[in-house]
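Since the structure comes first, as structure tokens, the remarks are kept for the end.
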Amino acid sequence: MDADAFLTASYARIRASAAVPAGTYAPTLPSASALATARSALPAASEEEEEAHLQGIGAEATLAHLTETVAPALEGHNRGGRYFGFVTGSALPVAEAADNLVSAFDNSVQVHLPDQSIATEVEDAALRLLLRLLDLGTGWRGRTFTTGATASNILGLACGREAVVGARLPPQVRERGGGGVGELGILAACAAAGVREVQVLTSMGHSSLSKAASVVGLGRHAVKELPHNGAEPWRLDLHAVERELQRRDIASIIAVSAGEVNTGRFATSGAEDLRRLRGLADKYGAWIHVDGAFGIFARALPATDEFARLRESAAGLELADSITVDGHKLLNVPYDTGIFFTRESTTLHAVFQNPNAVYLSAPGASPIPSPLNIGLENSRRFRALPVYAVLISEGRAGVAAMLARMVRLARGIAAAIASDRELKDEYELLPAATPGSEEEGEDTHVVVLFRARDEGLNEALVRNIQGSGEWYVSGTKWDGRPACRIAVASWRVNVEEDLEFVTRSLVKVAKDWRASVR
Ligand SMILES: *Cc1c(COP(=O)(O)O)cnc(C)c1O
């Protein structure tokens, strides 16, 4: 077989399998029959069927199987702009193209080898461009690509743990063998430092924060919710933070939710909050980690009045010690791409140094570290390339315009639910307006949270929307009751058409339900 000819043809066939015929809509979910067909083509859990699948059918037949049987059973968030589940993003065409190039060359970006590949320099360029785009300032010497925000949160807590425990170690321990947590382990380091507990202080921290706390040995119990009040649980209570920081023999990592995944709201309300947090962290030896998976992109919105409130909410985040950013969400690059920034690369080295493998060491001193010494993986994908491609292709203005479209659609939907005659009788926008807040709607970023007023419709709402196949939302809970989230995150969003579609669909869902229970 001619490998090049096969691949050229296969890319075209793959695109054809994902394309949406003109004049039709992109299904958000596969049909039940497509799922059943694909499932029945997989080997059952038996020796006979598994061996049969290992007979080897060849590349041509495999490609046909993938494009004709597997592809129709995949969900459609990269095929249209009306998949509003979770916060997914889709993939900009240039990003998808770059990702194909990544596979075509299949470089493993683990050691900085400037005479052999430009890959590590592209990674570093992409990270520097992203720092500029997000206006985070200079001095983020610790920076790397990860597999997503969860991995970046693991890096954040690992770096925080290293720093807050390390700072309390007696000098003689630190000097002897240069030991911090990375060398001594969390138990020995905490014992030597007189630390009883490392706690993670947050407000509506993403679920992955608890996972990260487990992975780095702090434990899920270490994550403490410090909500400002019942009406704004996403906001961090800075007084409570100070009280927690004062506890003896307990070291703390402050995890700022920027933004919160149900509401898109920010734990801090601007630069002044971050200055206060920074002061507290410095005084008590705490670490500030920002989980900005999608929220941090508020900083890249156009600098106009329309987005001033959001940009203000995300202001000051550059005062943190570490930051999580997701690429595969609002930046619209393919999975799996996350980014992690921290002040010093030495903190990353302390945790992730891959020691004693001479064959993996880079020659000479370079300002670009080998990725294997600053992150979880050794062998790793060149996932920086799609990010680099998006940044140079769209530029600052193009990214801002893409993000603005997402926010405008989310705000349009929120406004329709709150004030459209046909909608406001049936649905309730959440969270309930904060008393005294004048800027209705200006806090809406890319997530719209709402519920149906009727209990029965509310119970069925998410299922009925998903069942239409035309659009997709996720369910969640708010105040202990079911609620529905619309997260706008695709470059494909068309503000006017999609707003019209969502409004019409919400009216229809309510009408159909009323007809069905009458
Ligand atoms: C999505 C998300 C995560 C988890 O990100 P993955 O990329 O799915 O690992 C973490 N934090 C926040 C705020 C998120 O929105």
Side-chain angles (χ1 to χ4, degrees), residues 75 77-78 83-91 95 99 130 134 144-158 160 200-216 220 223 225 233-236 253-268 288-300 310 313-314 317 320 322-341 375-377 380-381 383-384 386-387 403 406-407 410 444-449 472-476 485-490:
E75 50 91 340
H77 82 252
N78 195 33
Y83 185 98
F84 302 120
F86 316 98
V87 182
T88 54
S90 40
D99 201 55
L130 192 59
L134 297 174
T144 191
F145 279 91
T146 67
T147 50
T150 302
S152 292
N153 283 342
I154 291 171
L155 266 59
L157 295 195
V200 180
L201 309 176
T202 193
S203 50
M204 297 199 78
H206 188 269
S207 53
S208 63
L209 191 66
S210 295
K211 182 198 271 200
S214 164
V215 171
V216 306
R220 297 185 192 94
V223 178
E225 288 287 335
W234 58 86
R235 265 184 72 189
L236 188 59
I253 298 167
I254 303 163
V256 177
S257 308
E260 192 277 317
V261 80
N262 289 293
T263 59
R265 306 296 175 89
F266 291 79
T268 49
I288 303 176
H289 174 68
V290 166
D291 181 356
F294 66 90
I296 199 151
F297 286 97
R299 296 169 69 99
L310 280 176
S313 296
L317 299 176
S322 59
I323 301 181
T324 284
V325 182
D326 239 332
H328 50 225
K329 290 181 180 167
L330 298 201
L331 198 59
N332 275 249
V333 299
Y335 296 105
D336 33 24
T337 304
I339 299 101
F340 180 74
F341 295 122
L376 287 169
E377 301 145 310
R380 63 202 269 289
R381 186 173 174 81
R383 56 178 75 92
V387 171
L403 297 170
M406 297 173 189
V407 177
T444 302
H445 187 195
V446 293
V447 188
V448 181
L449 185 68
Y472 190 91
V473 296
S474 321
T476 187
R485 284 170 76 251
I486 294 179
V488 186
S490 173

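These figures come from a predicted structure and were not determined experimentally. No hydrogens, no waters, no symmetry mates; every other heavy atom, side chains included, goes into these values. Note that ligands are numbered from 1 as they come in the structure, with each ligand's atoms numbered from 1 the same way.
- Taking every heavy atom of both residues into account, G205 and E225 meet most closely at N-OE2, 3.4 Å.
- A parallel orientation is assigned to the rings of Y472 and Y83, their planes being inclined by less than 30° (bins at 30° and 60°).
- Atom CD1 of I154 and atom CZ of F340 lie 11.0 Å apart (nearest 0.5 Å).
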Can you give me a line-by-line list of nitrogen or oxygen pairs between ligand 1 and the protein shorter than 3.5 Å?
from: ligand 1; atom 1: 5 (O); to: D326; atom 2: OD2; distance (Å): 3.3
from: ligand 1; atom 1: 7 (O); to: A149; atom 2: N; distance (Å): 3.0
from: ligand 1; atom 1: 7 (O); to: D326; atom 2: OD1; distance (Å): 3.1
from: ligand 1; atom 1: 7 (O); to: D326; atom 2: OD2; distance (Å): 2.7
from: ligand 1; atom 1: 7 (O); to: H328; atom 2: NE2; distance (Å): 2.7
from: ligand 1; atom 1: 9 (O); to: A149; atom 2: N; distance (Å): 3.4
from: ligand 1; atom 1: 9 (O); to: T150; atom 2: N; distance (Å): 2.8
from: ligand 1; atom 1: 9 (O); to: T150; atom 2: OG1; distance (Å): 2.6
from: ligand 1; atom 1: 11 (N); to: D291; atom 2: OD1; distance (Å): 3.2
from: ligand 1; atom 1: 11 (N); to: D291; atom 2: OD2; distance (Å): 2.6
from: ligand 1; atom 1: 15 (O); to: K329; atom 2: NZ; distance (Å): 2.7

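- Annotation: side chain to side chain contact (heavy atoms under 4.5 Å, CB included) contacts of S490 (sequence neighbours excluded): S90, N332, R492.
- Using modelled atom types and a 3.5 Å distance limit, the side chains of H206 and S257 yield no donor-acceptor pair.
- Under the side chain to side chain contact (heavy atoms under 4.5 Å, CB included) test applied with R485, the options V473, V87, T263, V448 reduce to a single match, V87.
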